[in-house]
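Report on the structure given below.
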Amino acid sequence: MRADSVGARVPPHARAQVHSVFLRACNIETEAGELVTLVAPSSGNLPHGIRCAVPFARLRQGQAANLEDATLRFPAAEIALDFSRASVWNGRIAAVPPGQHGAEVRRILRENAPDQGVAPALFSSGRPHCALQRALFARLARTLPILARATETRDAGAVVSALSVLVGLGPGLTPAGDDFTVGYLAALWSRSRREPGIASLLGALAVPVGQMSLLTNAISRQMLLDALQGHFAERLTEVVRCVCDGSDVAAASMRALQIGHSSGADVLCGLLFGLSLAPAASPNREDRACQPRW
């Protein structure tokens with residue numbers, strides 16, 4: 001069978017095994033610790049992903065897998081996936097113009113975000129009933145103002161310290177703090193093409209945040225490592241592109257919200273937070289996106 005598209009960061013040769021299997025996705029982990037994700041054709045592309053119509057039901061955790069010469073083989077499942085003619089997708093993010101802070105994304109989040117994860121802490125005026133959510137809110141209330149100041153002053157050490165609180169924070173397949181951090185890094189990469197000091201800040205974050213990624217699960221770790229290199233999931237890059245060119249931001253944001261239960265919303269919250277710290281196009285900053293409520 002043939003793949004539709006392949007992420008630019010998929011290794012050309014590797015021995016691996018099936019890490020986890022879902023209804024429309026499968027993760028395989030290489031001996032080097034990289035995670036390659038197979039996703040159904042209806043899903044968006046991933047930097048370390050292969051979009052294909054694989055019969056996921058035939059795959060089992062622990063099965064051997066081999067990447068060789070643009071073919072991925074699962075011998076036990078009798079599956080051979082050829083991606084030699086697949087289109088290549090790299091996950092680079094567009095540069096948001098100065099003064100554009102994603103007001104439409106904020107509106108979509110206010111109206112549609114789930115009642116779990118980061119979004120309620122940023123947009124809800126009520127007190128969370130769940131003890132886990134209260135703890136998450138408290139961490140965010142202490143950490144995000146520090147992260148905001150550190151980003152604006154380009155203080156890499158303080159940014160690393162703040163992110164160390166967020167990485168691995170929260171429940172789920174990809175914890176809310178990891179998703180938020182990916183969105184924040186996406187905002188920095190988008191801003192780095194236009195603002196002085198952001199590229200240097202990203203360079204200073206690469207090693208320490210890469211080390212932090214070892215403290216979370218394998219799926220989040222790969223997502224964070226890709227983000228540090230400026231590669232992101234298609235549904236996030238679509239949102240940024242739409243914000244840049246003024247096309248259908250609402251539709252792109254709604255597609256991003258479909259990722260996991262709250263993962264898509266958490267990533268968008270991080271994106272808005274990072275963009276809101278960018279200098280405004282005029283002295284009036286009252287319309288900055290995602291202002292914290294604390």
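Being a predicted model, the structure only gives us computed values, none of them experimental.
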Q) Quick one: do the Asn66 and Arg73 side chains pair a donor with an acceptor below 3.5 Å? A) no
**Q.** Given Thr37, Val54, Ile50, Val18, the one that forms side chain to side chain contact (heavy atoms under 4.5 Å, CB included) with Cys26
**A.** Val18
Q. Thinking salt bridges, do Glu29 and Arg221 make one under a 4.0 Å N-O criterion?
A. yes
Q. Can you name the closest pair of heavy atoms from Ala265 and Pro114 and give their distance?
A. CB-CD, 3.7 Å
**Q.** From Thr71 atom OG1 to Arg2 atom CZ, the distance as rounded to the nearest 0.5 Å
**A.** 9.0 Å
Q.
Looking at Arg107 and Glu104, is any side-chain nitrogen of the basic one under 4.0 Å from a carboxylate oxygen of the acidic one?
A. yes
Q: Sequence neighbours left out, what passes side-chain contact (heavy atoms from CB on, under 4.5 Å) with Ala187? Give chain and number order.
A: Leu271, Leu275
Q. Atom OG1 in Thr174, atom CG in Asn217: separation rounded to 0.5 Å?
A. 7.5 Å
Q) Could you state the interatomic distance from OH (Tyr184) to CG (Leu147), rounded to the nearest 0.5 Å? A) 4.5 Å
Q: Give, for atom CG of Leu140 and atom CZ of Phe273, the distance between the pair rounded to the nearest 0.5 Å.
A: 9.5 Å
Q | Closest heavy-atom pair and its distance - Ala94, Arg193 | A | CA-NH1, 4.3 Å
**Q.** CZ (Arg58) with more than 12 external heavy atoms under 6.0 Å
**A.** yes
(Q) Less than 4.5 Å apart, side chain to side chain, heavy atoms only: is that true for Phe83 and Leu67? (A) yes
